[in-house]
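Reading through the structure tokens given below for one structure.
What's counted below: heavy atoms across the whole structure, side chains too, no hydrogens, waters or symmetry copies. In what follows, chains carry the letters A, B, and so on, assigned in the order in which the sequence lines appear, proteins first and then strands, with residues in each chain numbered from 1.
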Amino acid sequence: MIELLVELVLVVLVLAGSGFALIAAIGVWRLPDSLMRMHASSKAGTLGGSLLFFAVAIGLGEFDPAVRALAGVAFLLFTTPIASHLIARATYLLGVPRDPSQVRDDLEGRYDLAARVCQAPPEAARAATSAASGGERPSTGAGGGAA
Amino acid sequence: MSAVLEGTIWLGWAMLAVAFAVGLARLVVGPHLPDRIVALDMLALTAICAALLLALASGSSTYVDLALVMALVSFLSTVAFARYVEWVAFRRARQDRPPPLDHADD
């Protein structure tokens, strides 16, 4: 009975893990621009890899490889967001053209590539400073002024 | 190992093979540098999945270590490639007439 249950869980985990890896590949092939491709590869790929790590942790039936497999899951969950964030930033900085369906760019004009800084646009900075000074006037200056 | 699990692992091999072929196609087609890095990252993850399937099929825990090392190496290589692309972007910002984006890396 227990063996049957373990095997059922293994079958589900292996199918789901390989299936999510396949979905990641299909997303990388079909999605229209690089940021969307990064999104498909990072999310679905991490899920597929983690499910297969879980399958190995259950399926080998020993303590030692199971701990290593769980460490592998933790490692994937820690590193993949960092890697995909770095790829996304590099993609944005390189200025790769985006799909026409993407109509809004909140970072427009904020990156100064020559000075290598990212800052708020002038009007937002002005609004922030005026709001800060407006909030400071009624108070007696005890807790404000952090800017 | 029962026949059902064996068949499932074969099915997993088939899906991973299709995933690898599709990712390889994206790696070749491009069209830009970040697309290729994303495809390479995905191929490394598919290879990790293949190592894990191998661990399940053979019952040997050595392949788990292989998968862990491949995860580590793929993370480091992705970080290095991303830093390189940022460096290319900074260099293009300094150039008067940067080369077309398809040839941004040469």
Should B:His32 and A:Leu94 count as side-chain neighbours, where that means a heavy-atom distance under 4.5 Å?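 With C-beta onward as the side chain, the pair stays apart.
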
Return the minimal non-hydrogen interatomic distance between [X] and [Y], and the atom names on each side.
X: B:Met15; Y: A:Ser18; answer: CE-CB, 3.8 Å
X: B:Ala55; Y: A:Val56; answer: CB-CG2, 4.3 Å
X: B:Val38; Y: A:Ser41; answer: CG1-CB, 3.9 Å
X: B:Val22; Y: A:Trp29; answer: CG1-CB, 3.3 Å
X: A:Ala21; Y: B:Cys49; answer: CB-SG, 4.3 Å
X: A:Leu31; Y: B:Arg26; answer: O-NH2, 4.4 Å

Between [X] and [Y], is there shared hydrophobic-cluster membership here, with clusters defined by ILVMFWY side-chain heavy atoms closer than 4.5 Å?
X: B:Leu66; Y: B:Leu56; value: yes
X: B:Tyr84; Y: B:Leu43; value: yes
X: B:Phe81; Y: B:Leu27; value: yes
X: B:Phe75; Y: A:Val73; value: no
X: A:Met36; Y: A:Val28; value: no

Nearest 0.5 Å, what's the [atom1]-[atom2] distance between [X] and [Y]?
X: B:Asp41; Y: A:Ser84; atom1: CG; atom2: OG; result: 8.0 Å
X: B:Glu86; Y: A:Ile87; atom1: CD; atom2: CD1; result: 11.0 Å
X: B:Leu52; Y: A:Phe54; atom1: CG; atom2: CZ; result: 12.0 Å
X: A:Met38; Y: B:Thr78; atom1: CE; atom2: OG1; result: 12.0 Å
X: A:Thr91; Y: B:Asp35; atom1: OG1; atom2: CG; result: 7.5 Å
X: A:Thr79; Y: B:Leu72; atom1: OG1; atom2: CG; result: 8.5 Å

Where along residues 8-15 of chain A does a heavy atom come under 4.5 Å of chain B, listed by residue number?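 Within residues 8-15 of chain A, near chain B: A:Leu10, A:Val11, A:Val14, A:Leu15.
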
The interface call for B:Leu76 against chain A, heavy-atom contacts under 4.5 Å, is neither

Below 4.5 Å from any heavy atom of chain A, which atoms of B:Ser74 appear? Answer side chain, backbone, both or neither. neither

Run the numbers on A:Leu52 and B:Ile48 for side-chain contact (heavy atoms from CB on, under 4.5 Å), then give the verdict. CA-CA 9 Å; A:Leu52 276 175; B:Ile48 292 169; over 6 Å; no

Side chain, backbone, both or neither of [X] within contact of chain B (heavy atoms, under 4.5 Å):
X: A:Thr80; answer: neither
X: A:Tyr92; answer: neither
X: A:Leu86; answer: both

Can you tell me which of B:Asp65, B:Val79, B:Val29 forms the most heavy-atom pairs within a distance under 4.5 Å of chain A?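 Sorted descending by pairs with chain A, the first entry is B:Asp65.
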
